[in-house]
Amino acid sequence: MGPCMAQVALQKKLNNMVIQRWQSVLLLIVAALMGSFTFLSLGQIQMPEESLNFTTLGFEIEGIPTDGAQSGFRAHTWIFFIVSLMSAIIPLINIFLFRNLRLQKTICLVEVLFILATVGVGCVYGYSLFSPYYVSWSSVIIMPLLAFLGDVMAYNRINSDLKLLSSADRLR
């Protein structure tokens, strides 16, 4: 295969790479994980008179109210909900930035910061708001860790594509 044929083969490979199959799949998984984390129950807090369900929206009193018992939310956690929701929306936006790899890398790093902020805010609310009571976490609590790993893997794939494109530009 001559040098001209090698350049044509490399150009075909680069044209197929624009699709970014694995980065898109990883970012979609990150969005699904953080979306599930945003809307599912994160755990329960056992108090002497009631049990609270912990979600990103707040602490909701569990059970059906009887004999004048309270119902609804005991405390709202809007900041936690917004940070968690943003960490689910950002990867979806990032999927469509495939033509600008540098911006896509930056958005991946911003997503990492949002995931870390979600974990930090969740720990603060889960442990300090009702500190004297027992908190039992659900398995949903590991979703930000999995999303973090998926986001780092997507970042690495984007970075390798950027290196491949810069090496192809040097050949031209």
Side-chain angles (χ1 to χ4, degrees), residues 1 5-44 53-59 76-129 135-172:
M1 190 155 47
M5 298 280 279
Q7 283 183 332
V8 170
L10 182 62
Q11 189 62 38
K12 283 184 180 180
K13 183 177 180 181
L14 291 175
N15 288 341
N16 290 337
M17 187 185 63
V18 172
I19 296 172
Q20 290 191 341
R21 293 175 292 262
W22 288 110
Q23 291 89 320
S24 299
V25 168
L26 288 168
L27 291 171
L28 190 62
I29 290 170
V30 168
L33 286 169
M34 291 310 294
S36 298
F37 180 82
T38 301
F39 295 106
L40 293 177
S41 174
L42 304 177
Q44 284 75 33
N53 186 26
F54 180 33
T55 64
T56 57
L57 281 171
F59 298 92
H76 288 282
T77 54
W78 292 110
I79 295 170
F80 187 31
F81 177 72
I82 291 169
V83 170
S84 180
L85 187 63
M86 287 301 295
S87 66
I89 292 173
I90 289 173
L92 290 176
I93 294 169
N94 202 5
I95 290 172
F96 298 105
L97 297 175
F98 60 90
R99 296 212 185 263
N100 190 347
L101 291 177
R102 293 189 200 287
L103 180 62
Q104 200 174 28
K105 274 178 50 175
T106 304
I107 298 297
C108 271
L109 293 177
V110 169
E111 170 64 15
V112 165
L113 292 176
F114 269 98
I115 290 172
L116 293 175
T118 301
V119 169
V121 171
C123 288
V124 167
Y125 278 131
Y127 285 116
S128 69
L129 202 56
V135 179
S136 63
W137 297 99
S138 72
S139 59
V140 174
I141 206 69
I142 66 164
M143 287 186 180
L145 173 66
L146 298 175
F148 175 80
L149 293 174
D151 201 41
V152 169
M153 289 170 59
Y155 178 84
N156 288 336
R157 296 261 182 183
I158 293 166
N159 202 23
S160 67
D161 282 354
L162 193 59
K163 287 179 184 177
L164 186 62
L165 280 173
S166 65
S167 69
D169 285 342
R170 276 186 264 134
L171 288 175
R172 288 184 205 165

Return yes when atom CG of L103 has more than 12 non-hydrogen atoms of other residues, nucleotides or ligands closer than 6.0 Å, and no otherwise.
-> yes
Scanning both residues in full, the closest heavy-atom pair of W22 with R157 reads CD1-NH1, 3.8 Å
Roughly how far, to the nearest 0.5 Å, is the CD1 atom of I141 from the CG atom of L40?
-> 11.0 Å
Kindly determine whether L97 and N94 satisfy side-chain contact (heavy atoms from CB on, under 4.5 Å), including the steps that lead there.
-> CA-CA 5 Å; L97 297 175; N94 202 5; 3.9 Å; yes
Over all heavy atoms of both residues, which pair between A31 and A88 is shortest? Give the atoms and the distance, please.
-> CB-O, 3.5 Å
Just jot down the side chain to side chain contact (heavy atoms under 4.5 Å, CB included) partners of S139, sequence neighbours excluded, or say none.
-> none
Partners meeting side chain to side chain contact (heavy atoms under 4.5 Å, CB included) with I93 (sequence neighbours left out) = I89
Could you list the residues that satisfy side chain to side chain donor-acceptor pair (under 3.5 Å) with T118, not counting sequence neighbours?
-> none
Do any N or O atoms from the side chain of Q23 and from the backbone of A154 form a donor-acceptor pair under 3.5 angstrom?
-> no
Partner set under side chain to side chain contact (heavy atoms under 4.5 Å, CB included) for V121, not counting sequence neighbours = F80, Y125
Contacts under 3.5 angstrom, residues 108-117 side chains, donor-acceptor by atom type, not counting sequence neighbours:
none

Criterion side-chain contact (heavy atoms from CB on, under 4.5 Å) on L27 and Q104, from CA distance to verdict | CA-CA 11 Å; L27 291 171; Q104 200 174 28; 4.1 Å; yes
Output all residues satisfying side chain to side chain donor-acceptor pair (under 3.5 Å) with N156, sequence neighbours left out; order by chain, then residue number.
-> none
Check the pair F98, I158 against side-chain contact (heavy atoms from CB on, under 4.5 Å), reporting the backbone distance first and the verdict last.
-> CA-CA 9 Å; F98 60 90; I158 293 166; over 6 Å; no
Do any pairs count as a side-chain hydrogen bond (donor to acceptor under 3.5 Å, both in side chains) and have a residue in residues 77-89, sequence neighbours left out, and if so which ones?
-> T38-S84
Measuring from F37:CZ to L145:CG, what's the distance to the nearest 0.5 Å?
-> 11.5 Å
Step-by-step side-chain contact (heavy atoms from CB on, under 4.5 Å) determination, V30 to L146 = CA-CA 8 Å; V30 168; L146 298 175; over 6 Å; no
Could you give the distance from CZ (F148) to CG (L33), rounded to the nearest 0.5 Å?
-> 14.0 Å
Sorted by chain and residue number, the side chain to side chain contact (heavy atoms under 4.5 Å, CB included) partners of S138 (sequence neighbours excluded) come out as V140
Kindly compute the distance separating CG (L57) from CZ (F81), expressed to the nearest 0.5 Å.
-> 5.0 Å
Applying side chain to side chain donor-acceptor pair (under 3.5 Å), name anything that partners T56, two or more places apart in sequence or on another chain.
-> none
If you take all heavy atoms of N53 and G43, which pair is closest and at what distance?
-> OD1-O, 3.2 Å
What heavy-atom pair brings S41 and T55 nearest, and what distance separates the two atoms?
-> CA-CG2, 4.0 Å
Validation row: M143, S36 side chains within 4.5 angstrom (heavy atoms) = yes
